[in-house]
Amino acid sequence: MSDPITQPSTEAPPVARRRTTPSILPLSLEGVCFDARGKRLIHDLTFTLDAGPRTIILGPNGAGKSLTLRLCHGLLTPVGGHVAWEGAAPGADPLKHQAMVFQRPVLLRRTVAQNIDYALKLHDVARRDRPALIEDVLNRTGLARFAKSPARHLSGGEQQKLALARAWATKPEVLFLDEPTASLDPAATHAVENIIQTMHGEGTRIVMTTHDLAQARRLADEIMFLHKGHLMEKTPADEFFDAPRSGEAAAFLKGELRW
Amino acid sequence: MNDISAAFVTALHLLVTFDQNLVEIVGLSLRVSLSAVALAVVIGLPVGAALALFKFPGRNGLIVFLNALMGLPPVVVGLVVYLLLSRAGPLGVLGLLFTPTAMIIAQAILVTPIVAALTRQVVADLWVEYSEQMRSMGAGPLSAIPALLYDARFTLVTAVLAGFGRASAEVGAVMIVGGNIDHVTRTMTTAIALEVSKGDLALALGLGIVLIGISLAINAATYTVKQRAEAAWA
Ligand SMILES: Nc1ncnc2c1ncn2[C@@H]1O[C@H](COP(=O)(O)OP(=O)(O)O)[C@@H](O)[C@H]1O
Ligand SMILES: [Mg+2]
C-alpha cells in the first residue's frame with residue numbers, strides 16, 4: 001500500500017514526475033480584439049504573462065473576464081491581434097500544456113475515475129499509466145472514496161474539485177480558472193482555493209478570474225483589472241489593493257462599481 | 001362469438017405447444033426486424049452524429065429528408081423499394097424482390113431516420129454542454145464522437161428500441177416487397193393481415209398475442225433504461 005499523502009517517499013508522486021516538457025510561457029497578447037453580434041466586447045488587449053506569479057483577473061460582472069480567459073486558452077479566436085505562446089516549440093500543440101476549469105464544472109456522464117481517465121487519454125497518457133495518476137489526484141483532492149460514483153451525483157463543491165483533479169492529472173503548465181468558486185459555499189471555496197495553492201506551489205501557472213475582492217486578496221500575486229472590455233491595469237497585488245492606478249479600479253475597490 | 005373463443009383457445013394452444021408454423025413466422029419476423037435495426041444503427045449513428053457536429057453543404061436538406069422519411073407510411077417505402085428491386089427496376093438484376101433481404105432493406109429505410117434523428121438531437125445537445133470542456137482537453141468534434149455516443153448511450157438505446165418497435169409493427173412495406181409467401185417471407189404482421197380473411201383466425205390471434213408481448217417488452221425495456229439513466233447520470 002502506498003499512500004502518496006501519508007507516506008513520504010523519496011520518489012516524487014506520479015503527477016510531479018510527469019513534468020518534463022519545456023515551458024510554453026510566456027503568453028503574449030497583442031492588440032487582441034473580440035466582437036460578438038457586431039459589438040466590440042474586448043478592446044485592444046495587450047499584455048504578457050511570464051512564468052511564476054498567480055494572476056487574478058478582476059472586474060465587475062460583464063467586464064470581459066471570461067472572454068479574456070477564453071481568448072488566452074484558445075477557445076475563442078480574436079477578430080484582431082495575436083495570441084502567442086512564445087515558449088512553445090514549433091509544431092507543438094500548446095493546448096496540451098494548458099487546462100481550464102469553468103464556473104460550472106462540465107463532467108461526463110461517467111464515473112469520477114472515468115472522467116479523469118478520459119482527460120488523460122486525450123493527453124496521450126498510456127492506459128497502464130493512468131490508474132496511478134487517477135488515484136493520486138483523487139487522494140490529493142479528497143475524492144478517492146467517490147472514484148466509482150457517477151460524477152454527476154457529486155455535490156457542487158465535489159464536482160468542482162473533480163474538475164480540478166481532472167485538470168491536475170494532466171499536469172498543466174498553465175491553469176485557467178473562470179470564477180471556479182462563484183457558486184460554491186465557503187467550505188468548498190476554501191477546499192478549491194487550497195488545491196489551487198498546491199498546484200501553484202508545484203509550479204503550475206495560475207490565471208484565474210473572480211469578482212470576489214476577498215478571494216483576490218487571498219490568492220493574487222498580480223491583478224489584471226478589466227472594465228468594459230478594456231484592460232485598465234496589470235499591477236502587483238499589494239500595490240493594487242493599496243493604491244490602484246486606474247480610477248475605475250479605485251471605484252471598484254470602494255464598492256462603487258458593482259456591476 | 002363461439003368461433004372467436006374457439007379460435008382464441010386454439011391460438012393459446014399454438015403458443016404453448018410452440019407450433020412450428022407460428023414459430024417459423026415469429027422467427028423470420030424477428031430476423032428481418034433485428035437485421036433492419038442493426039443496419040439502421042450502423043448507418044444512423046454516424047449520420048446523426050455528423051449532422052449534429054458538422055456544417056456541410058446539403059446538411060439542412062438531409063435533415064428535412066430524414067424527418068420526412070420518419071413520417072412516411074410504410075406502404076410508400078415498400079412501393080419505392082419494390083420499384084427499385086422489381087425486375088424492370090435499376091436493382092432488378094439482384095433478384096431480391098420477395099426475399100427476406102428485400103424486407104430488411106425496406107425496414108432499414110423505415111428505421112434509419114428514427115435512429116439518425118434521435119442521435120442528431122442527443123449528440124447536438126451534449127455537444128452544446130461539452131464542447132468548451134472537450135476542446136479545452138484537446139478533443140475536436142471528430143475525436144469527441146465516440147465519447148459523445150458513449151455518454152448518449154441510454155438515449156441511443158431508447159432510439160434503437162423505438163426503431164425496433166416501428167419495424168416489428170409495420171405491415172405495408174414487408175407486404176409489398178416480401179409478398180407474404182408461405183415459409184419464405186411470411187411475417188407476423190403480413191400473416192395477420194392476410195390469414196384473417198382466409199379464415200385462419202387462430203394463427204392470427206396467436207401472432208397478435210406475440211406482437212402485443214413484443215410491444216410490452218419494448219416499452220418495459222425503454223422505461224427501465226430511462227429510469228436507470230436518470231438514477232445514475234442525472
Ligand atoms: N457570445 C456573446 N454574444 C454577445 N455578447 C456576449 C457574448 N459573450 C459575452 N458577451 C458579453 O460580453 C461582455 C463580457 O462578458 P464576460 O467576459 O462573460 O464578462 P465577465 O467579466 O462577467 O466574465 C458581457 O457584457 C457579455 O454580455
Ligand atoms: Mg464570467
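None of these values were measured; they are calculated from a predicted model. Below, chains carry the letters A, B, ... as their sequence lines are ordered, and counting in each starts from 1.
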Compile the donor-acceptor pairs under 3.5 Å between side chains in residues 47-61 of chain B and protein atoms, sequence neighbours left out, one pair per line.
unit_1: B:R59; atom_1: NE; unit_2: B:L51; atom_2: O; d: 2.9
unit_1: B:R59; atom_1: NE; unit_2: B:F54; atom_2: O; d: 3.0
unit_1: B:R59; atom_1: NH2; unit_2: B:L51; atom_2: O; d: 2.9

Q: For B:N219, check side-chain hydrogen bond (donor to acceptor under 3.5 Å, both in side chains) against everything at least two apart and list the hits.
A: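 By the side-chain hydrogen bond (donor to acceptor under 3.5 Å, both in side chains) rule, B:N219 matches no residue at all.
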Q.
Suppose we screen for ring-ring contact (aromatic ring centres under 6.0 Å, His included). Which residues come up paired with B:F164, at least two apart in sequence or across chains?
A.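 Residues passing ring-ring contact (aromatic ring centres under 6.0 Å, His included) with B:F164: none at all.
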More than 12 foreign heavy atoms under 6.0 Å from [atom1] of [X]: is that the case here?
X	atom1	value
A:F146	CZ	yes
B:R153	CZ	yes
A:K121	NZ	no

[X] portion near chain B, given a 4.5 angstrom heavy-atom threshold:
X	result
A:A99	backbone
A:Y118	side chain
A:R104	neither

Q. Is it true that a side-chain atom of B:D151 and a backbone atom of A:L108 form a donor plus acceptor pair closer than 3.5 Å?
A.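 Not confirmed, B:D151 side chain does not pair with A:L108 backbone.
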Q) Which residues in residues 124-138 of chain B have any heavy atom lying under 4.5 Å from a heavy atom of chain A? A)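 So far as heavy atoms go, B:L126, B:E129, B:Y130, B:E132, B:Q133, B:M134, B:R135, B:S136, B:M137, B:G138 are the residues that approach chain A to under 4.5 Å.
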Q | Spacing of CZ belonging to A:R110 relative to OH belonging to B:Y150, to within rounding of 0.5 Å | A |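 With rounding to 0.5 Å, CZ (A:R110) is 6.5 Å from OH (B:Y150).
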Q.
Given heavy-atom pairs under 4.5 angstrom as the criterion, report whether the side chain, backbone, both or neither of B:A152 touches chain A.
A.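 Neither part.
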